[in-house]
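Single-structure report; data block below.
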Amino acid sequence: MSSKIVFDPHSSEAFLTKEELEKAEKDVLAASKVLLDKSGEGNDFLGWVDLPVDYDREEFKRIKEAAAKIRHDSKVLVVIGIGGSYLGAKAAIEALMPNFYNETSASTGEGCEIYFAGSSISARYLENLVKLIGDRDFSVNVISKSGTTTEPAIAFRIFRDMLEKKYGIDGASKRIYATTDRQKGALKKLADANGYETFVVPDDIGGRYSVLTAVGLLPIAAAGLDIDALMEGAEDERMQLMAAPFEENDALKYAAYRNALYRKGKEVEILANYEPALHYVSEWWKQLYGESEGKDGKGIFPASVDLTTDLHSMGQYIQDGNRILMETVICVDDARCDLKVGYDENDLDGLNYLAGKTIDYVNKQAMTGTIMAHVDGAVPNMMIHLPALDEHSLGQLFYFFEYACGVSGYTLGVNPFNQPGVESYKKNMFALLGKPGYTLK
């Protein structure tokens, strides 16, 4: 069993000709050169490329110290952010912690529960979270480069006020950790004025590529996960991708196959997983690819399903709907769980034919059967083998997807590192709320 990520496109090869794949390979190699030469649009946002080997070791040490302090003096950590300011951390924590980690922390008193806020403007969600915290000790990690993004700014006002009422202004300042711009912005100004410990959102790394910076690492470390192993996984993946020729370079092959299929009319890519823990990895992936590629009237639409669950809801469309779909499956090779199906003498549910088999074996046969059915239904399938659900493997996966995304965006002919369309809704919202300087057109 491999200890590194492996990309397997064999269930999509029948949908492409040799000439189409050769054209995609040529285009992807050219795009990769643009990325590494830093000669393309958005080249001032390429800090993530060398991040696994070129990060601030002193800040990394402070992240681990702050995480240890949070776990020691708090029962709850509230992570406030939106988009790239929370999805990477949530993806890692959901993937690597036990499925019911908050409930476990609450019942055992070990570690701290971690909740996310500021990713919506739901009064009900915020009110319920306030009630859930109750009188317990808690800390806040607010993540915003500017400090003025509406959703997290509202949440921060609420939890900052809650902290100051509970601990006083000075006490609250020791429980607020601000991840923000190095020098400027409303949050940086507030943090300096109140003495919050601060961590940096790098100028040369966009939010959706920032999971391996303090943006993602502080919450991940506060959960008790090994961020050294996470970074080592990313470093190993970077080293492999930088050195390997196309035939052995899985990120380049992934970019090539998805772009070749896109040219054949497969305009929607479904990322499918067979582990509930990977749900937020899919959410992180959707932002990464949607925000990077969806512009200038172009782009593969990123969607996701949790299987086998969604076979009972989206399965019909995937099998028989509009044939604009391609599918990429994340397979966790080593589930590290030996739970087996038991034997029942009466066999009323008809499951004795599975008795003695591990549930993971059953899950993987369901995956194989589903892929076969979808391919028969004209849905090309690609697979990404993830060695295990651990920090090293996830570090590899994060870097794999980031690198493939940068290359794929340049292959499409767009700037993968801007997001001009994101601001449109804000202008209308601000006008409707009466913010000075904004009017509806």
Side-chain angles (χ1 to χ4, degrees), residues 60 63-64 66-72 74-120 125 129 132-133 138-143 152 155 159 177 179 199 201 207-234 271 273 275-288 304 306 330 332 335-337 386 388-399 401-402:
F60 193 80
I63 287 170
K64 291 195 284 187
K69 179 179 180 295
I70 291 168
R71 288 172 61 80
H72 178 264
S74 299
K75 295 298 183 185
V76 174
L77 172 66
V78 179
V79 181
I80 298 174
I82 195 169
S85 293
Y86 96 102
L87 277 171
K90 189 166 179 64
I93 293 168
E94 294 283 326
L96 303 179
M97 294 293 285
N99 288 108
F100 310 105
Y101 65 93
N102 278 333
E103 291 86 345
T104 302
S105 295
S107 63
T108 64
E110 297 178 2
C112 65
E113 299 165 43
I114 298 181
Y115 299 99
F116 292 83
S119 59
S120 72
Y125 180 91
L129 182 52
L132 179 65
I133 295 169
F138 75 104
S139 295
V140 166
N141 176 206
V142 55
I143 307 166
F159 290 103
Y177 302 84
T179 307
F199 300 92
V201 178
R208 59 189 178 273
Y209 290 85
S210 68
V211 61
L212 298 176
T213 72
V215 170
L217 293 178
L218 179 55
I220 292 169
L225 296 169
D226 185 350
I227 60 174
D228 288 289
L230 190 74
M231 295 301 288
E232 287 166 6
L271 188 69
N273 69 76
E275 289 291 344
L278 290 174
H279 175 85
Y280 270 93
V281 169
S282 296
E283 295 301 306
W284 170 82
W285 172 87
K286 284 194 289 189
Q287 187 204 0
L288 179 66
S304 64
D306 300 325
I330 301 178
V332 180
R336 299 182 181 176
C337 181
L386 189 66
L389 282 178
D390 58 27
E391 290 91 336
H392 189 270
S393 297
L394 191 63
Q396 291 181 69
L397 187 67
F398 281 144
Y399 195 85
F401 275 138
E402 289 177 351

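Computation of the quantities below employed the complete heavy-atom set of this structure, encompassing side-chain atoms and omitting hydrogens, waters and symmetry-equivalent molecules. Computed from a predicted model, the values in this text were never measured in an experiment.
For the pair Thr108 (side chain) and Thr104 (backbone), a donor-acceptor distance under 3.5 Å is present. Listed for the Asn102 side chain is a donor-acceptor partner under 3.5 Å among the backbone atoms of Ile114.
Atom-to-atom distance recorded for Tyr125:OH and Phe116:CZ is 8.5 Å, nearest 0.5 angstrom. The CG atom of Leu394 sits 8.5 Å away from the CD atom of Glu391 when rounded to the nearest 0.5 Å. Distance check: Leu397 CG to Glu402 CD gives 10.0 Å after rounding to the nearest 0.5 Å. Taken to the nearest 0.5 Å, the OG atom of Ser85 stands 10.0 Å off from the CG atom of Asn141. A distance of 11.0 Å separates CG of Leu77 from CD of Glu113, quoted to the nearest 0.5 Å. Atom OG of Ser105 and atom CZ of Arg71 lie 7.5 Å apart (nearest 0.5 Å).
Looking at heavy atoms from C-beta onward, Val332 lies in side-chain contact with Leu278 at the 4.5 angstrom threshold. Contact annotation: the side chain of Leu288 approaches that of Tyr209 to within less than 4.5 Å [non-hydrogen atoms, C-beta and beyond]. Proximity of Val76 to Leu132: side-chain heavy atoms (C-beta onward) are nowhere separated by under 4.5 Å.
Contacts of Gln287 classified as side-chain contact (heavy atoms from CB on, under 4.5 Å), with partners at least two apart in sequence or in another chain: Leu87, Arg208, Glu291. Considering only residues two or more places apart in sequence or on other chains, Ser107 meets the side-chain contact (heavy atoms from CB on, under 4.5 Å) condition with none of them. Considering only residues two or more places apart in sequence or on other chains, Ser304 meets the side chain to side chain donor-acceptor pair (under 3.5 Å) condition with Lys286. Residues passing the side chain to side chain donor-acceptor pair (under 3.5 Å) test with Tyr177, sequence neighbours excluded: Lys69.
When all heavy atoms of Cys112 and Ile70 are compared, the pair lying nearest together is SG-CG2, 4.2 Å. Heavy atoms only, all atoms of each residue included: Ile80 and Pro152 are closest at CG2-O, 3.4 Å. Taking each heavy atom of Lys75 and Gly109 in turn, the nearest pair found is NZ-O, 3.5 Å. Val281 and Ala95 make their closest contact through CG2-CB, 4.2 Å (heavy atoms, listed as atom of the first residue, atom of the second, distance). Minimum interatomic distance between Leu271 and Ser282 (heavy atoms only, all atoms of both residues): CD2-OG, 3.7 Å. A pairwise comparison of heavy atoms in Ala117 and Val78 identifies CB-CG1, 4.0 Å as the closest pair.
Between Trp284 and Phe398, the two ring planes are perpendicular [angle over 60°; tilted spans 30° to 60°].
Between the side chains of Tyr101 and Glu103, not a single donor N or O lies within less than 3.5 Å of an accepting N or O.
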Audit row: Leu129, Phe159, side chain to side chain contact (heavy atoms under 4.5 Å, CB included) steps and yes/no: CA-CA 10 Å; Leu129 182 52; Phe159 290 103; 3.6 Å; yes
Sequence neighbours left out, cut at 3.5 Å: what donor-acceptor pairs do the side chains of residues 211-233 make with other protein atoms?
| residue | atom | partner | partner atom | Å |
| --- | --- | --- | --- | --- |
| Thr213 | OG1 | Ser210 | O | 2.7 |
| Thr213 | OG1 | Val215 | N | 3.2 |
| Asp226 | OD1 | Asp228 | N | 3.0 |
| Asp226 | OD1 | Ala229 | N | 3.1 |
| Asp228 | OD1 | Lys64 | NZ | 3.4 |
| Asp228 | OD2 | Lys64 | NZ | 2.9 |

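Listed by first and then second residue, the salt bridge (Lys or Arg N to Asp or Glu O under 4.0 Å) pairs that reach into residues 81-90 are Lys90-Glu94, sequence neighbours excluded.
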